[in-house]
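The block underneath contains the structure these notes are about, expressed in structure tokens.
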Amino acid sequence: MNYSSCNSTTSVAAPPRRGALIVIEGCDRTGKTTQAMKLVEYLNGSDRKAIFMRFPDRTTPIGCLIDSYLSRGVNLEDQVIHLLFSANRWESHPKIISTLKSGASVIIDRYAFSGVAFSAAKESLGLQWCKGSDAGLPKPDVVLFLDLPLEQAATRGEYGSERYEELKFQQRVYKNYMALRDDTWKMIDASKSIEEVQRSMEAEVERVMKESKFGPLPGLWWS
Ligand code: NYM
Ligand code: MG
């Protein structure tokens, strides 16, 4: 009889620490997509797994409808487009949760804050009503807000090609963003060079990763 297995110790691996949920926000043409991608590269390059996501995710059927709304292909009621943007996030909810649980971080270019700030910039919709459909999504560990004078953003390439890319509208969007801020928000000066902005974002992310307890993620806008 072979008793050798009786002497072996069974080691149970500890579950991986969950990943960080990092959201990048800001008005149009502030460099969010460029910076989000650079952040993913930075983390993956230093052995911390991270994935890139963006909203709207124009690749899903709901995202296709959002895309044609933004390019003025279809008109939709303000409530309808708001709920579609929200549904577009909820359809990625399982992926966000499973990625974080696997230990990888999720870097998201726009999130529910864009949803509320843009929709509530239309006089027909109130801030509180807009928050309702995203309440319960995971609350980010940090929101990095790319802050750039709106007049400067308006001079950047292709500004004005989509709905909402208009100075007066963006001013209301900015005001709404400021009303949504809490202590997880960090303002980043986006008028600096791409490299300088990148360094500030990396520094914030390092700080969050060091300080965060990474307990269970609370739901957004649940009080
Ligand atoms: N936008 C984006 C919304 O109005 N609501 C949302 O929930 C989200 C995620 O869509 N002007 C607006 C902001 C932008 C536009 O975004 C398209 P992007 O990041 O340029 O693809
Ligand atoms: Mg855009």
Side-chain angles (χ1 to χ4, degrees), residues 21-40 52-93 95-96 106-140 143-148 150 152-180 188 190 197 220-221:
L21 180 55
I22 297 163
V23 164
I24 299 169
E25 281 286 5
C27 287
D28 287 316
R29 312 285 160 183
T30 52
K32 295 176 299 302
T33 309
T34 305
Q35 291 297 336
M37 287 174 160
K38 286 186 177 297
L39 199 51
V40 172
F52 169 80
M53 289 180 78
R54 74 181 302 175
F55 294 115
D57 172 1
R58 302 186 196 218
T59 65
T60 72
I62 292 172
C64 286
L65 191 48
I66 292 174
D67 183 58
S68 62
Y69 173 82
L70 288 171
S71 57
R72 300 185 177 88
V74 289
N75 287 320
L76 296 166
E77 288 302 308
D78 294 341
Q79 289 84 350
V80 173
I81 184 63
H82 175 76
L83 294 172
L84 286 174
F85 271 116
S86 207
N88 187 234
R89 280 182 283 280
W90 280 107
E91 59 185 347
S92 286
H93 181 233
K95 186 177 175 191
I96 298 174
V106 180
I107 315 299
I108 315 186
D109 174 8
R110 293 192 186 281
Y111 197 53
F113 311 103
S114 282
V116 174
F118 279 78
S119 289
K122 301 169 176 179
E123 257 103 60
S124 55
L125 306 178
L127 210 73
Q128 276 313 113
W129 184 88
C130 291
K131 284 164 112 174
S133 50
D134 283 289
L137 279 174
K139 181 172 161 60
V143 178
L144 301 169
F145 185 86
L146 293 190
D147 200 13
L148 183 73
L150 299 174
Q152 204 172 318
T155 64
R156 292 190 171 179
E158 288 177 46
Y159 184 93
S161 60
E162 286 199 331
R163 267 188 224 251
Y164 306 153
E165 291 183 339
E166 189 252 311
L167 196 55
K168 283 244 147 47
F169 191 85
Q170 299 278 323
Q171 283 163 348
R172 294 203 294 274
V173 170
Y174 187 88
K175 204 165 143 253
N176 290 337
Y177 270 130
M178 294 305 104
L180 295 171
I188 306 281
V197 174
L220 184 64
W221 298 323

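By convention here, the first residue in the shown sequence is residue 1. Each ligand, and each atom within it, is numbered from 1 in the order the structure gives.
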**OP:** Check T33 against ligand 1 and report side chain, backbone, both or neither, counting heavy atoms closer than 4.0 Å.
**Re:** neither
Original post:
Quick one: which of F113, Y164, F169, F85 has a heavy atom closest to atom 2 (C) of ligand 1?
Top reply: F85
Subject >> For R54, atoms of ligand 1 separated by under 4.0 Å from a heavy atom >> reply: 19 (O), 21 (O)
Subject >> Option set E158, R163, R58, E165, criterion heavy-atom distance to atom 20 (O) of ligand 1, minimum >> reply: R58
Original post:
Taking non-hydrogen atoms only, is S119 closer than 4.0 angstrom to ligand 1 via side chain, backbone, both or neither?
Top reply: neither
**OP:** Return a yes/no value for D109: is any of its N or O atoms, backbone included, closer than 3.5 angstrom to an N or O of ligand 1?
**Re:** no
**OP:** Fit a plane to each ring of Y177 and F118, take the angle between them on a 0 to 90° scale, and name the class: parallel (under 30°), tilted (30 to 60°) or perpendicular (over 60°).
**Re:** perpendicular
Original post:
Taking only heavy atoms of F55, which atoms of ligand 1 are found under 4.0 Å from at least one of them?
Top reply: 9 (C)
Original post:
If you look at every heavy atom in Y111 and V23, which pair is closest and at what distance?
Top reply: CB-CG1, 3.7 Å
Subject >> Shortest non-hydrogen contact between I62 and L84, atoms and distance >> reply: CG2-O, 3.5 Å
**OP:** Could you please spell out the steps behind the salt bridge (Lys or Arg N to Asp or Glu O under 4.0 Å) verdict for R110 and D28?
**Re:** CA-CA 10 Å; R110 293 192 186 281; D28 287 316; 2.6 Å; yes
Original post:
Can you name the nearest heavy-atom pair linking T33 to R54, along with the distance?
Top reply: OG1-NH2, 3.5 Å
Original post:
Counting distance only, does the side-chain N/O of E165 pair as donor-acceptor with the main-chain N or O of S161 below 3.5 Å?
Top reply: yes
**OP:** Just go through R110, R89, E25 and tell me whose heavy atom is the nearest to atom 16 (O) of ligand 1.
**Re:** R110
